[in-house]
Amino acid sequence: MKTLYYGGTIRTLEETDTQQALLVENGVIAATGELESMQARARDAAMIDLEGRALLPGFIDAHSHFSGAAYALLQAPLDEAACFADIVDALTQFIAQRHVPVGQWVVGRGYDQNALAEGRHPDRTLLDRVSAGHPIMVVHQSGHMGVFNTVALERLGVAYDTAAPAGGSIARSGGQLTGYMEENAFVHYQQQVPAPDMDDLLDACRCAQQMYASYGVTTVQEGMLTEGLIPLYEALQAHRVLELDIVAYPGVDALEAACTAFPDAVRRYVGHFKIGGCKLFLDGSPQGRTAWMRTPYQGASDGYRGCGTMTDSALEDALMDACHAGMQPLVHCNGDAAAAQLLSVAAAIEQTYPDLRALRPVMVHAQLLDVDQMDEVKRLGILPSFFVAHVYRWGDTHIKNFGLARASRISAAKAALDRGIRFTLHQDTPVLPPDMLNTIWCAANRVTRSGVTLGAEQRIPVEAALRAVTENAAYQYFEETRLGTLHPGKAADFVLLDADPFSVPLDKLRGIRVLETIKAGETVWRA
């Protein structure tokens with residue numbers, strides 16, 4: 001089967017960046033070039049007139065949580081909550097509209113204490129107002145913390161004297177549990193909440209794929225494959241649900257189980273699914289004030305700087321295990337102290353495992369990675385994956401937490417670009433939607449929700465931002481010979497836009513619409 005695209009802007013992101021026509025044969029780019037010569041070659045091809053629109057390589061998600069995006073579709077949305085009453089109303093309506101029986105778990109997702117009128121996290125007594133018969137968990141927008149009601153705490157066996165797992169905390173006040181937990185403690189108990197019905201989950205995964213595709217994304221990440229998620233991926237494979245490529249990163253404690261469950265999918269696709277490496281966590285989130293910093297948070301009278309989640313020796317062991325297994329490490333670092341820990345331990349490992357850089361280790365989020373740390377990042381061959389959309393979504397909060405000067409260096413992509421460091425951009429879905437064009441707008445403009453320009457010197461050109469979500473992201477996944485540019489021989493993964501990102505004013509970038517998403521030559525989503 002042949003298809004010839006012509007009549008618009010075809011952005012190859014190759015040296016000759018625009019072409020008049022592009023020919024696809026059997027899901028692969030066969031040729032690009034001038035229209036006249038291509039027409040002679042494609043007499044039996046289906047002709048697609050782009051009508052002045054722009055065709056680009058499909059966007060590649062450098063970090064998100066595909067299953068989390070699917071689960072979120074089965075949970076009460078709390079991202080628009082402006083006060084505690086809104087949280088109560090949203091959960092109450094969710095229970096009523098879905099006829100959730102008493103005794104069944106209810107999960108809400110996406111609240112942000114920074115956006116609440118009360119300026120603090122909810123607690124179990126607030127959730128108890130929703131229901132005394134439903135165990136309830138609400139998840140912070142960062143995914144790093146959350147709250148359980150009284151019934152939920154009882155179900156999970158959490159008592160006042162329950163010790164928190166290392167690298168986490170369980171909040172108490174006045175001799176009572178508040179229901180609020182952070183980091184490893186929250187993750188530990190969150191994983192014990194029963195999963196939804198499998199049929200419902202598979203339907204949610206189908207919808208989640210369409211959501212990603214609606215933003216032009218053709219490759220997606222499962223950024224933390226737990227052992228509990230293995231049955232879901234077995235079902236996705238058995239029912240052939242996946243149309244987009246999914247790259248999974250099991251946590252170190254789930255790596256062996258995942259490789260045993262999917263032995264043929266280790267570093268290669270089977271049914272659009274592969275295990276790309278392993279995931280490590282070194283700290284929390286800056287908007288939640290749990291990112292591990294070299295300097296104290298603003299207003300912290302006790303010198304509070306957040307905290308790490310792994311010791312140096314544990315991190316060294318985990319990285320060495322990854323090296324010996326040939327598995328790419330994907331390391332969550334938000335704060336500059338967490339980044340310093342990764343750089344220090346990686347440098348130590350380099351002495352005994354000089355090929356560490358061949359695994360293309362990724363520093364996920366890298367939000368407070370500072371300019372003075374960039375040279376070591378380059379020397380070690382680490383790829384930062386910046387969560388630059390934070391500039392808009394939480395930039396004003398970061399100014400409060402770190403001061404304007406330090407907040408201005410969040411997601412310092414220009415410093416990386418100037419040093420020739422290859423980097424990617426991501427949205428950490430379901431924290432934020434996988435809106436690549438909004439991310440490109442954020443990277444090029446760096447404006448907060450209140451209109452503050454946050455770090456004008458860290459703005460990057462549109463081309464650099466586009467490469468971060470195409471060519472560089474393909475490199476991150478060891479797929480640069482198959483994806484990332486519109487080069488003959490690569491997969492026909494495209495996104496069709498209503499305008500060329502190179503030709504619109506910078507402030508209009510996020511207004512560009514995705515019209516169609518094409519995977520291996522087949523349309524998987526159309527507006």
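Only a predicted model underlies this, so the values are computations on that prediction, with no experimental measurement involved.
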Item checked: The single option from E15, R467, E14, E471 passing side chain to side chain donor-acceptor pair (under 3.5 Å) against T485 ->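 The option that passes is E14.
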
Notebook entry, point to check: So among H140, R289, Q141, E118, which one has a side chain to side chain donor-acceptor pair (under 3.5 Å) with Q113?
Noted result: H140

Mark yes or no for whether [X], through its side chain, and [Y], through its backbone, hold a donor-acceptor pair below 3.5 Å.
X	Y	value
D498	R513	yes
Q20	E34	no
N401	P286	yes
Q328	Q476	yes
S344	A340	no
T18	I10	no
R446	G455	yes
T309	G167	no
K279	L330	no
Q341	M310	yes

Hey, is [X] close enough to [Y] for a salt bridge, meaning N to O under 4.0 Å?
X	Y	result
R449	D396	no
E522	K519	no
R482	D245	yes
E479	K274	yes
D370	R294	yes
R360	E480	yes

Margin query: I'd like to know whether D336 forms a salt bridge (Lys or Arg N to Asp or Glu O under 4.0 Å) with R406, so could you lay out the CA-CA distance, the side-chain angles of the two residues, the decisive distance to 0.1 Å, and finally the verdict.
Written below: CA-CA 11 Å; D336 49 17; R406 183 65 189 90; 3.3 Å; yes

Note to self: Using every non-hydrogen atom in the two residues, find where A291 and D283 come nearest and quote the distance to one decimal.
What the structure shows: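 Taking A291 first and D283 second, the nearest heavy atoms are CA-OD2, 3.4 Å.
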
Is it the case that the ring center of [Y] lies less than 6.0 angstrom away from the ring center of [X]?
X	Y	answer
W394	H390	yes
H63	H332	no
Y392	W441	yes
F273	Y233	yes
Y180	F186	no

Check: Sequence neighbours excluded, which residues qualify as salt bridge (Lys or Arg N to Asp or Glu O under 4.0 Å) partners of D428?
Finding: none

Margin query: Holding to side chain to side chain contact (heavy atoms under 4.5 Å, CB included), I want the full list of residues that pass it with Q209, two or more places apart in sequence or in another chain.
Written below: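 Q209: side chain to side chain contact (heavy atoms under 4.5 Å, CB included) contacts with F66, V241, L242, E243, L244.
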
Check: Among all residues two or more places apart in sequence or in another chain, which pass the side chain to side chain contact (heavy atoms under 4.5 Å, CB included) test with A389?
Finding: F387, L432, T439, C442

Do [X] and [Y] come within less than 4.5 Å of each other through their side chains, counting heavy atoms only?
X	Y	value
V514	W525	yes
L509	V504	yes
L486	L56	no
D418	M374	no

Taking atom types as modelled and ignoring hydrogens, do the side chains of [X] and [Y] form a donor-acceptor contact shorter than 3.5 angstrom?
X	Y	value
S385	H426	yes
Q221	D61	no
S64	Y212	yes
E516	T523	yes

Item checked: Pairs touching residues 74-91 that satisfy salt bridge (Lys or Arg N to Asp or Glu O under 4.0 Å), sequence neighbours left out -> none

Next item on the list: Scan for salt bridge (Lys or Arg N to Asp or Glu O under 4.0 Å) pairs involving residues 203-216, sequence neighbours excluded, and state none if there are none.
Entry: D203-R206

Given the ring of [Y], does [X] sit roughly above its face, with NZ or CZ under 6.0 Å from the centre of the six-membered ring and within 45° of the axis?
X	Y	value
R11	F502	yes
K400	F402	no
R267	F478	no

Checklist line | Criterion side-chain contact (heavy atoms from CB on, under 4.5 Å) on C307 and E183, from CA distance to verdict | finding: CA-CA 10 Å; C307 61; E183 303 302 336; over 6 Å; no

Margin query: Quick check for you: to the nearest 0.5 Å, what is the distance between Y5 atom OH and D49 atom CG?
Written below: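 Nearest 0.5 Å value for the OH-CG distance: 12.5 Å.
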
Notebook entry, point to check: Considering the options T9, V462, I440, which one meets the side-chain contact (heavy atoms from CB on, under 4.5 Å) requirement together with P501?
Noted result: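 When T9, V462, I440 are each tested with P501, the side-chain contact (heavy atoms from CB on, under 4.5 Å) holds only for V462.
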
Check: Which of these, M224, Q191, E222, sits in a side-chain contact (heavy atoms from CB on, under 4.5 Å) with L229?
Finding: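 Result: among M224, Q191, E222, E222 is the only option passing the side-chain contact (heavy atoms from CB on, under 4.5 Å) with L229.
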
Check: After noting the C-alpha distance and the side-chain angles of R510 and D435, does the key distance pass the salt bridge (Lys or Arg N to Asp or Glu O under 4.0 Å) rule?
Finding: CA-CA 9 Å; R510 63 176 174 176; D435 189 339; over 6 Å; no

Next item on the list: Identify, with sequence neighbours excluded, every residue that meets ring pair (Phe, Tyr, Trp, His ring centres under 6.0 Å) alongside Y477.
Entry: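 For Y477, no residue satisfies ring pair (Phe, Tyr, Trp, His ring centres under 6.0 Å) once neighbours in sequence are set aside.
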
